[in-house]
Amino acid sequence: MTQTIAIIGGTGLTELNGLTMHDVHDMHTPYGAVSTPILEGSFGGARLLFLSRHGRPHKIPPHKINYRANVWALKELGTTDVIAVNAVGGITSRMATRAICIPDQIIDYTYDRDHTFYDGSDGKVVHVDLSYPYTEALRSQLVEAARLAGLPAINGGVYGATQGPRLETAAEVTRMERDGCDIVGMTGMPEAALARELKMGYACLSLVVNPAAGKSKGVITIKEIEAALASGMTDVRAILAAYMERFAGK
Ligand code: HPA
C-alpha cells in the first residue's frame, strides 16, 4: 500500500512552505464542512496531504472545529498516517516553553464535541480500543526525525485535552497534574479517537508555547504565546522535513 501522510497543522502552522502541493481537494463530507480545502503533494514515494485545522487564515476556535469532517475527509483521500501538530501549555517541569513533546497518552476533558463516527444513528454499537491512543511506530519515527534534525523531542508524555477556548484556571492545571498530565491543549481530542475509529495511524508533535496556568509568576499573555510559536514552529517544520526525508514512503 502506498503511504499517504496527512499533516494536520495547528496554531502557527497554517501552511507548509517549501513543499510543492500540486492539488487542492475541496471536500464535502456526510459530517459537514472541512476546516480548509486539503492540499496534496508528494515526497519521495509518498503522498502528502495538508490540512489546516483552524482554517486558513486561522479563524475556527478549537471547540468549533469539525473534527469528524476533517478526519473523514483525510481517510476518504487515502490517508494511512496522520501527523498532528499542536501548540500546548507546559504543566510538568520537563515541558519548558519551546520544548517539543511527542505524547504517548491522552486524558480527555473536552465536552459537547461530536466525538465519534459510531453515534448509534445506524443502529450499530461499536467500542473501539484506545488503550494506546498514539501509533507507536509513527511516534518512534517522529522521535528519530527530531534527533536527525538536531532538535531532540521529549519522547512520551500525557496530553490533557481541554474544551477551551478559554485557558485553564491554576486549580484546573493542578488537578490535571495530579491526574498525570504533562501538557495541556485544546485540539488533541476527539481527533486522535476519530483517527483510530477510521483505522489510520496517528501521532502528535506538541510544541510547548507557554507555562500552563499557575506555572509561572504572572498571567499567560498572547504575546508570549506568539513569540514561542514563531520560533518553535520553525523547529516543527524542520522535524517534519526530516521525517519526510527519512521515512516517507519507505
Ligand atoms: N492551555 C490550553 N491550550 C493551550 C495552552 C494552554 O496553556 N497553550 C497553548 N494551547
Side-chain angles (χ1 to χ4, degrees), residues 7-14 35 51-67 70 82-113 115 133-134 151 153-154 157-193 202-237 239-240:
I7 296 172
I8 303 183
T11 305
L13 189 75
T14 52
S35 297
L51 169 63
S52 172
R53 191 191 278 120
H54 295 279
R56 195 181 316 109
H58 182 128
K59 61 180 189 313
I60 311 171
H63 64 294
K64 288 276 180 70
I65 291 167
N66 191 337
Y67 295 94
N70 288 351
V82 177
I83 301 176
V85 177
N86 34 46
V88 296
I91 298 179
T92 45
S93 55
R94 65 191 176 126
M95 301 297 172
T97 299
R98 288 284 309 272
I100 292 173
C101 172
I102 299 172
D104 62 350
Q105 277 296 335
I106 310 180
I107 299 179
D108 188 4
Y109 300 91
T110 67
Y111 49 88
D112 263 357
R113 299 184 179 191
H115 65 286
Y134 299 105
L151 298 160
I154 299 171
V158 180
Y159 181 117
T162 55
Q163 176 68 359
R166 67 165 178 84
L167 294 161
E168 298 67 43
T169 66
E172 285 168 338
V173 168
T174 303
R175 183 185 73 162
M176 292 177 79
E177 186 166 15
R178 268 201 312 272
D179 286 352
C181 295
D182 292 291
I183 50 179
V184 51
M186 301 175 190
T187 55
M189 284 292 266
E191 202 173 82
Y202 185 92
C204 266
L205 282 175
S206 297
L207 169 69
V208 181
V209 294
N210 58 280
K215 292 290 174 186
S216 63
K217 286 210 173 65
V219 296
I220 301 169
T221 66
I222 296 306
K223 216 169 143 204
E224 70 170 301
I225 292 184
E226 281 173 353
L229 268 174
S231 51
M233 282 300 165
T234 309
D235 295 349
V236 168
R237 285 174 205 279
I239 295 173
L240 289 171

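Indexing begins at 1, ligand by ligand and atom by atom, following the structure's order.
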Solution key, residues 213-225 side-chain donor-acceptor pairs under 3.5 Å, sequence neighbours excluded:
residue, atom, partner, partner atom, Å
Lys215, NZ, Glu177, OE1, 2.5
Thr221, OG1, Glu224, N, 3.1
Glu224, OE2, Thr221, N, 3.0

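- Atom CD1 in Ile91 sits 5.0 Å away from atom SG in Cys181 (nearest 0.5 Å).
- Listed by chain and residue number, the protein contacts of ligand 1 are Ala87, Val88, Gly89, Leu167, Glu168, Val184, Gly185, Met186, Val209, Asn210 (heavy atom within 4.0 angstrom).
- Lys59 is linked by a side-chain contact (heavy atoms from CB on, under 4.5 Å) to nothing, counting only residues two or more places apart in sequence or in another chain.
- Rounded to the nearest 0.5 Å, atoms CZ (Arg53) and CD1 (Ile7) are 12.0 Å apart.
- Applying the side-chain contact (heavy atoms from CB on, under 4.5 Å) test to Ala99 and every residue at least two apart in sequence or in another chain returns Ile154, Val208.
- Shown are Lys64, Gln163, Met189; of these, the side chain to side chain contact (heavy atoms under 4.5 Å, CB included) with Arg113 is made only by Gln163.
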